[in-house]
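Everything on this sheet refers to the single structure shown next.
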Number of protein chains: 2
Amino acid sequence: MITSAPIELAVSTVIFALRPGDDSGRRTVWLPLVRRIREPQQGKWALPGGPLEPAQELSESAAFTLNETTGLSPSYLEQLYAFGNVGRSPGNRVVSIIYWALVREEEAAEAVVTENVRWFPADDLPELAFDHAEIVEYALGRLRGKLEYSNLGHAFVGELFTLSALREVYEAVLDKRIDPANFRRQVETSGLVRATEQVQTGGRHRPARLYRFTAAATQLASQSASI
Amino acid sequence: MITSAPIELAVSTVIFALRPGDDSGRRTVWLPLVRRIREPQQGKWALPGGPLEPAQELSESAAFTLNETTGLSPSYLEQLYAFGNVGRSPGNRVVSIIYWALVREEEAAEAVVTENVRWFPADDLPELAFDHAEIVEYALGRLRGKLEYSNLGHAFVGELFTLSALREVYEAVLDKRIDPANFRRQVETSGLVRATEQVQTGGRHRPARLYRFTAAATQLASQSASI
DNA sequence: TCAAAAGTGTTTTAAATACACCCATGT
DNA sequence: ACATGGGTGTATTTAAAACACTTTTGA
């Protein structure tokens with residue numbers, strides 16, 4: 001009787017954060033990778049992840065890996081796609097269920113950085129293990145696409161934020177300039193945001209009003225997370 | 001040493017076709033289900049599917065199941081989502097990677113109908129096994145959503161089609177009336193469609209010009225299948 | 001000749017975009 | 001005072017939607 005090796009089931013996560021780029025003062029998209037410390041593909045950089053535990057929910061597994069890698073909790077977490085091509089891992093058959101997550105950079109920022117965990121700019125990645133380069137590309141597409149038709153910016157700013165800060169999130173992710181006046185109107189008429197009484201001073205210009213997301217917005221974000 | 005049972009990996013498919021409804025002459029969305037012939041949930045209707053074979057691609061598994069169930073080949077096939085909640089199958093842990101497919105009804109139509117395979121209207125399903133009701137709901141949302149921002153109608157019509165036929169696909173899936181004049185303009189300016197020299201006669205009205213999809217359209221459909 | 005869908009033209013409505021200009025603060 | 005981003009007003013462009021009307025066939 002022939003018994004082939006069982007199919008392995010893993011969960012990995014593409015973790016995005018906005019960080020100051022090397023060049024201008026503008027922030028860009030970064031993601032953490034881990035260096036593989038065993039064969040196959042030893043030494044190459046890969047997405048954080050691991051085998052699924054029988055008693056563990058898929059999203060729990062993704063969030064656990066994320067916390068292990070960055071020390072952070074995700075402000076957004078959604079399943080991306082199941083990658084399972086026969087040839088994607090030489091020698092064994094691995095089906096990887098990929099999640100993607102957004103984290104707020106402010107919180108811990110440089111917290112966890114070891115020899116084998118490092119953050120990279122999304123547009124300047126090293127050679128990745130397996131099909132992980134393809135996966136990251138796919139996740140970036142989803143991030144950009146979703147930002148345009150949902151209120152995903154929510155996940156990148158804090159509880160209180162200026163409209164400029166929110167706009168900068170969009171500019172960083174979509175990598176294009178957005179007219180501040182039109183952006184303001186779109187956001188304000190969306191009903192997903194409410195002005196507070198507070199303002200943010202400190203800039204050498206007129207203080208900016210602080211906003212917060214409405215309940216509708218947070219709800220919408222978690223809904224769209226499953227659609 | 002405690003060794004828990006391994007996680008099972010299955011692939012199932014939500015198969016959509018347009019069929020004449022019971023009432024009016026208009027077509028509606030139908031899907032085939034199979035009756036479970038063993039425990040758990042014996043006797044309940046479920047999505048067609050089965051365990052993933054180690055040497056089989058995910059999409060191959062979905063297409064194989066589809067052909068087995070309907071005798072048809074999919075004109076569109078795309079991964080939907082991986083459902084893997086711990087409690088979704090009592091007793092064992094099953095992660096199901098779900099695909100969704102569109103088939104052209106004309107081809108075989110009533111071909112495969114047995115005691116344990118039956119087509120149901122999407123808006124009038126029997127009680128389903130496991131979390132399959134939730135899965136079908138999710139797939140319907142994706143079908144409707146995708147039809148609005150891509151040229152998915154492509155998969156439901158033949159090579160040559162009238163703009164009315166294409167419009168009826170949209171009306172059936174979205175379950176709403178669409179202005180023929182505006183629909184015509186939108187489709188014509190999209191560049192995804194090209195008029196042929198032929199017309200379709202036979203109706204008691206002016207003959208309708210036949211169209212075909214351009215290469216761009218078919219390409220776009222298969223692209224969007226992986227995004 | 002009449003019904004019915006094919007197909008064209010035009011108006012209305014709404015949204016995105018572009019851009020001029022005033023406001024309030026730190027230096 | 002003046003540079004800078006915050007914030008308002010308005011014109012332009014584009015697309016969606018609504019709807020009147022003409023065309024061509026089968027019966």
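What you find for B/P74 and B/L66 is that their closest heavy atoms are CB-CD1, 3.7 Å. Heavy-atom minimum distance, A/G153 versus A/Y170: N-OH, 3.7 Å.
Taking atom CG on B/D179 and atom P on C/dA5, their separation rounds to 14 Å, with Å as the unit. The interatomic distance linking B/I178 (CD1) with D/dC19 (P) rounds to 16 Å, in whole Å. The interatomic distance linking B/Q186 (CD) with D/dA15 (P) rounds to 11 Å, in whole Å. Remark: C1' of D/dA17 and CZ of B/R177 are 16 Å apart, rounded to the nearest angstrom. Rounded to whole Å, atom P of C/dA6 lies 12 Å from atom CZ of B/F183. Atom pair A/R184:CZ and C/dT17:P shows a separation of 17 Å (rounding to whole Å applied). Between the CD atom of B/Q200 and the P atom of C/dA5 there is a distance of 14 Å, given to the nearest Å. Atom CZ in B/R209 sits about 13 Å away from atom C1' in D/dT23, given to the nearest Å.
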Considering only distance and modelled atom types, tabulate donor-acceptor pairs under 3.5 Å from the side chains of residues 194-202 of chain B, sequence neighbours left out.
residue : atom : partner : partner atom : Å
B/T196  : OG1  : B/Q198  : N            : 3.2
B/T196  : OG1  : B/L210  : O            : 2.7

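For B/R185 against C/dG7, no side-chain N or O and base N or O form a donor-acceptor pair under 3.5 Å.
Contact check for A/V34 versus A/N116: no side-chain heavy atoms found under the 4.5 Å cut-off. Between A/F161 and A/F213, the closest side-chain pair of non-hydrogen atoms falls below 4.5 Å. Within the 4.5 Å cutoff, the side chain of B/L18 has no heavy atoms near those of the B/T28 side chain.
Residue order along DNA chain D, read from the 5' end via each residue's closest nucleotide, puts A/R204 first among A/N182 and A/R204. Comparing A/G203 and A/K176 against DNA chain C, the residue whose closest nucleotide sits nearer the 5' end is A/K176.
Close to C/dA6, at under 4.0 Å from its OP1 or OP2, lies a side-chain N or O of B/S164.
Judged purely by atom type and a 3.5 angstrom limit, A/Q79 uses its side chain to pair as donor or acceptor with the backbone of B/A82.
Here C/dC19 is the nucleotide among D/dG6, C/dC19, C/dA5 with the atom lying nearest to any side-chain atom of A/A181.
Overall bending of the helix from C/dT1-D/dA27 to C/dT27-D/dA1, expressed as the angle between end axes built from five pairs apiece, is 10° (10° steps).
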